[in-house]
Amino acid sequence: GPPSPELVRVADKAAMARTAADLLLARIAENAGRIAICLTGGSSPKQLYELLATQAYRDRIPWPRVHWFIGDERFVPAGDALHNMTMARHAFLDACAPAANIHPIPTDTGSPKRSANAYARELITFYGADQLDPARPLFDVVLLGIGPDGHVASLFPGYPAVEVRDRWVVGVDQAHVAPFVPRVSLTLPALASCRTMLFEVAGADKQPILTRVLAGEDLPANRARSTHETTFLIDA
Ligand code: 6PG
């Protein structure tokens, strides 16, 4: 199977955001060409996103070469308070990234399935092939959080979406945890196609699920692994 994840312990959420930002910059520095970063929703990455917009980080990111995707989206209109890419836009993208480099999952298509198909086409066009080559990852970095039930992106435990291997993006009609809106999610093989998969797991409320994940329980959070390198950032 894929290499085991590296566990990196940090003091608190501020240290986690700095560590994640530094890791992101290191990966960006390793790629002199076009860079693809897959963002995540939820509350965990917000501090990281805000940090990227600060002068110290902003000046070190070659914005014209960096493309921003999202690992999952809530099926709500763009601009809604629950919309993941809107959160990232407000936190840093709108202030820093060229509009053409922001790749949201469309949610105005009428159904999660149609949105999934549209985003799959966008990813395939960007990648330049409809089969993923392990030697040429789709993303430089994939950011992920872990839900209280062990979900990642919108791949919930026991849901058929977790098993999908022949598509890059799927519609998920019902969420397993709040917010109870339909979702659109990248599949495990699409998320795995990255140089670094970076989990941010912070806060006391994550302790129960982190314990289960580290015990090796069969959860989406344990099935999501980069074909290259996976890092878990964990706070005290
Ligand atoms: C979403 C996310 C989801 C999230 C986890 C953790 O759309 O909700 O992409 O997978 O990362 O639920 O959420 P928190 O960061 O809010 O704990």
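Start at 1 and go down the list; that is how both ligands and their atoms are numbered.
When non-hydrogen atoms are compared, ligand 1 lies under 4.0 Å from neither the backbone nor the side chain of Glu200. If you look at Leu144 next to ligand 1, there are no close heavy atoms at all, none under 4.0 Å. Residue contacts with ligand 1, taken as heavy atom pairs separated by less than 4.0 Å, involve Lys206 solely via side-chain atoms from C-beta onward.
The shortest N/O to N/O separation between Asp72 and ligand 1 falls below 3.5 Å. At least one N or O atom of Ala153 sits closer than 3.5 Å to an N or O atom of ligand 1.
Other residues, nucleotides and ligands contribute at most 12 non-hydrogen atoms within 6.0 Å of the CD atom of Gln174. Within 6.0 Å of atom CZ in Arg65, more than 12 heavy atoms from other residues, nucleotides or ligands are found, so the atom counts as buried in its surroundings.
Partner of Leu93 under the side-chain contact (heavy atoms from CB on, under 4.5 Å) criterion, chosen from Thr86, Asn101, Ile102: Ile102.
Nearest to atom 14 (P) of ligand 1 by heavy-atom distance, out of Ser43, Gly71, Ala178, Gly145, is Ser43.
Residues Trp68 and Tyr49 keep their aromatic ring centres 6.0 Å or farther apart. The ring of Phe69 has its center closer than 6.0 angstrom to the ring center of Phe126.
A heavy-atom separation below 4.0 Å is not found between Glu73 and ligand 1.
Using cut-offs of 30° and 60° on the angle between ring planes, the pair Tyr159 and His176 is perpendicular.
Each of the atoms 2 (C), 9 (O), 11 (O) of ligand 1 lies under 4.0 Å from some heavy atom of Gly41. Numbered from 1 in the order shown, with element, the atoms of ligand 1 that lie under 4.0 Å from a heavy atom of Thr40 read 9 (O), 11 (O). The ligand atoms of ligand 1 that sit less than 4.0 angstrom from a heavy atom of Arg74 are 1 (C), 7 (O), 8 (O). Near His151, meaning under 4.0 Å from any of its heavy atoms, are these atoms of ligand 1: 3 (C), 5 (C), 10 (O), 12 (O).
With respect to atom 6 (C) of ligand 1, the closest heavy atom belonging to the protein is Ile146 O, 3.5 Å. For atom 15 (O) of ligand 1, the nearest protein heavy atom (residue, atom name, distance) is Ser44 OG, 2.4 Å.
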What verdict does the side-chain hydrogen bond (donor to acceptor under 3.5 Å, both in side chains) test give for Thr107 and Ser115, after you've listed the backbone C-alpha separation in whole Å, the side-chain angles of each residue and the deciding distance to 0.1 Å? CA-CA 6 Å; Thr107 53; Ser115 292; over 6 Å; no

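Linking Ile, Leu, Val, Met, Phe, Trp and Tyr whenever their side-chain heavy atoms come within less than 4.5 Å leaves Val76 and Val170 in two separate clusters.
No cation-pi contact links Arg27 to Phe139, judged by a cut-off of 6.0 Å to the six-membered ring centre and 45° from its axis.
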